[in-house]
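Computation of the quantities below employed the complete heavy-atom set of this structure, encompassing side-chain atoms and omitting hydrogens, waters and symmetry-equivalent molecules. Reminder, nothing fancy here: chain letters follow the sequence lines and each chain counts from 1.
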Amino acid sequence: MSQEKKSADSIRVCINGERERLDIEPGETLMSSLRRAGHYSVKNGCDEGVCGACNVILGEEGLTRSCLVPAASCDGDDVMTVEGLLDDDGRLHPLQEEFLDRGAAQCGYCIPGVLLSGYDLLQRDTVPTEEAIADALSGNICRCTGYVQQIEAIQAAAERLPDAEPAAEGEH
Amino acid sequence: MSNQLPVEYVEAESVDAVLELLAGDSETRIVAGGYSLVPRLKDGIETPDRLVDISGIDALRGISRQDGGTRIGALTTHDRIAASATVRDHARALAEATDSVGDYQAKHQGTIGGNLVVADPKYDAPAAVLALGGTIVVRGPNGRRRIDAEEWFCGPDETAIEPDELLTEIAIPDGARSGYIRTSEYSGYAIVSVAARLETDGGLVESARVAVNGAKPYPIRLPRVEETLAGGTLDDERRARAADAALRDVDPGTLVANEVADGRHRLGLVRSYCQQALERASVSPAVDS
Ligand SMILES: Cc1cc2nc3c(=O)[nH]c(=O)nc-3n(C[C@@H](O)[C@@H](O)[C@H](O)COP(=O)(O)OP(=O)(O)OC[C@H]3O[C@@H](n4cnc5c(N)ncnc54)[C@H](O)[C@@H]3O)c2cc1C
Ligand code: FES
Ligand code: FES
């Protein structure tokens with residue numbers, strides 16, 4: 001491996017509101033770098049962009065698969081992992097409570113990624129239809145639950161969230 | 001698990017900077033959304049030494065009207081294209097194609113440029129761009145080249161771009177009805193997709209362009225289908241005859257066949273999607289040129 005012109009060996013990121021310096025190895029993805037730094041809720045399900053277990057919400061890009069993102073490209077970015085759903089007092093987000101109450105998690109492996117897909121959806125659409133939720137989860141593979149409870153949980157969480165009024169439609 | 005991507009990573013700030021980095025260096029690869037390239041790097045299908053990230057070059061993003069057509073920057077994502085009223089009004093088949101991208105993140109992160117450079121038989125935009133008669137604009141060391149979609153999709157795993165060129169935009173001409181349809185496989189990719197563009201005058205079809213992806217290893221036009229439509233009226237009977245002609249346009253010997261669908265299955269899909277794409281195009285609003 002040539003060491004010439006090696007790219008930066010660390011990046012500054014803000015993970016769930018906390019500034020952090022992440023070591024990066026040359027040629028590493030964001031997923032790999034996050035996991036080495038102990039952010040294990042970012043799962044490595046397939047390592048090839050298919051399963052959504054490694055989802056994070058990344059700066060301006062929004063919801064993405066951290067296994068497809070070069071770590072070196074994230075310098076200065078905000079990163080949200082599933083821990084970012086907790087409020088300041090460490091209480092669970094309504095999405096998480098609904099997932100627990102409705103048995104929407106079984107083995108749990110896919111859940112951080114699914115919760116972030118659900119959270120991302122609720123940021124855009126406070127009254128999502130079942131179809132919109134299914135579409136939002138099209139990038140997540142869950143081998144246990146069959147998705148039904150997950151869709152119901154996201155819908156129930158949407159109803160509990162404060163600004164779940166009929167949103168102005170049409171603007172994109 | 002680390003070190004799956006090239007060691008060197010550069011963020012380019014301008015088109016000129018990209019061209020400089022590509023010049024004379026076949027081991028440098030452009031990355032836009034990364035949704036096609038990164039899996040290929042991880043599989044070792046491609047092993048470049050350096051990535052040039054173009055995603056920060058805003059001049060390559062966006063949709064506008066230009067010279068009686070629609071211009072779409074290379075970095076524009078599928079979701080932006082699908083949501084664009086301009087594209088829906090003037091290049092409907094492409095709006096429908098980008099809207100079909102079956103995976104939420106791929107739809108929001110994947111770019112039209114990356115999609116057309118790879119032009120996999122499973123991808124959605126290629127058939128639409130080919131049927132719509134799009135032009136792909138690239139820049140390289142010798143300046144700008146405008147490449148017709150027909151020359152662009154030139155072989156299996158091959159498009160007309162050179163390693164030292166950057167795709168900057170695509171241009172879609174106005175003036176037709178169009179429509180797109182595809183099947184989804186379990187992972188959200190298309191198995192077969194068909195797009196149709198109909199130039200009509202009153203009830204008559206003046207000319208037709210129909211393209212399929214997922215039949216051959218690269219997207220192709222269906223000349224016999226197009227001939228069957230040209231000069232005729234658009235009715236169920238004509239559409240059915242045109243769809244039958246698709247069976248003669250696709251050489252059974254070169255059909256894509258894999259674990260998802262064998263050649264025979266694909267051929268059946270080509271015919272039935274041909275008919276459906278034509279139905280969609282027939283009822284889509286006509287665009288004035
Ligand atoms: C889980 C999953 C599901 C998917 N589903 C679909 C689907 O349903 N339909 C579909 O069509 N696609 C699908 N895709 C493929 C998706 O990756 C492409 O649609 C996307 O548009 C690729 O764009 P990108 O910006 O990510 O390309 P990249 O991965 O960044 O680039 C791909 C290739 O193009 C080159 N390139 C990129 N931009 C330029 C440019 N401007 N000039 C020159 N070269 C360039 C790169 O060097 C690279 O070789 C899916 C992908 C995944 C991971
Ligand atoms: S680990 Fe990234 S999508 Fe599966
Ligand atoms: S709960 Fe096991 S994979 Fe989803």
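- Using a 4.5 Å heavy-atom threshold, the side chains of B:Leu5 and A:Glu28 count as separate.
- For residues 71-78 of chain B, an interface with chain A (any heavy-atom pair closer than 4.5 Å) does not exist.
- Contact record, A:Pro26 with B:Val7: CB-CG1, 3.6 Å, taken as the closest heavy-atom pair.
- In this structure, B:Leu41 CG and A:Leu68 CG are separated by 10.0 Å, a value rounded to the nearest 0.5 Å.
- More than 12 heavy atoms of other shown residues, nucleotides or ligands fall within 6.0 angstrom of atom CD in B:Gln66.
- No more than 12 heavy atoms of other residues, nucleotides or ligands sit less than 6.0 Å from atom CG of A:Asp88.
- Residue B:Gln105 comes nearest to A:Thr64 through the heavy atom pair CG-CA, 4.2 Å, listed as atom of the first residue, atom of the second, then distance.
- Within 6.0 Å of CD on B:Glu158 lie more than 12 heavy atoms contributed by other residues, nucleotides or ligands.
- Residue-environment remark: CG (B:Asp157) stays at or below the threshold of 12 foreign heavy atoms within 6.0 Å.
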task: Under the side-chain contact (heavy atoms from CB on, under 4.5 Å) rule, what do B:Asp103 and A:Arg65 come out as? Steps first, then yes or no, please.
output: CA-CA 12 Å; B:Asp103 176 275; A:Arg65 300 189 159 127; 3.0 Å; yes
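- Other residues, nucleotides and ligands contribute more than 12 heavy atoms inside 6.0 Å of the CZ atom of A:Arg21.
- Counting non-hydrogen atoms of neighbouring residues, nucleotides and ligands closer than 6.0 angstrom, the CD atom of A:Glu130 reaches no more than 12 such neighbours.
- When the heavy atoms of residues 24-40 of chain B are compared with those of chain A, the residues falling under 4.5 Å are B:Gly34, B:Tyr35, B:Val38, B:Pro39, listed by number.
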Show me the donor-acceptor pairs, under 3.5 Å and distance only, between side chains in residues 108-121 of chain B and residues at least two apart or in other chains.
| from | atom 1 | to | atom 2 | distance (Å) |
| --- | --- | --- | --- | --- |
| B:His108 | ND1 | B:Asp79 | OD2 | 3.2 |
| B:His108 | NE2 | B:Tyr104 | OH | 3.4 |
| B:Gln109 | NE2 | A:Glu61 | O | 3.2 |
| B:Gln109 | NE2 | A:Leu63 | O | 2.7 |
| B:Thr111 | OG1 | B:Gly114 | N | 3.1 |
| B:Asp120 | OD1 | B:Lys122 | N | 2.9 |
| B:Asp120 | OD1 | B:Lys122 | NZ | 3.3 |

Side-chain donor-acceptor distances from residues 69-78 of chain A under 3.5 Å, at least two apart:
| from | atom 1 | to | atom 2 | distance (Å) |
| --- | --- | --- | --- | --- |
| A:Ser73 | OG | A:Pro70 | O | 2.7 |
| A:Asp75 | OD1 | A:Arg12 | N | 2.8 |

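- For A:Cys67, the parts sitting under 4.5 Å from any heavy atom of chain B are the backbone and the side chain alike.
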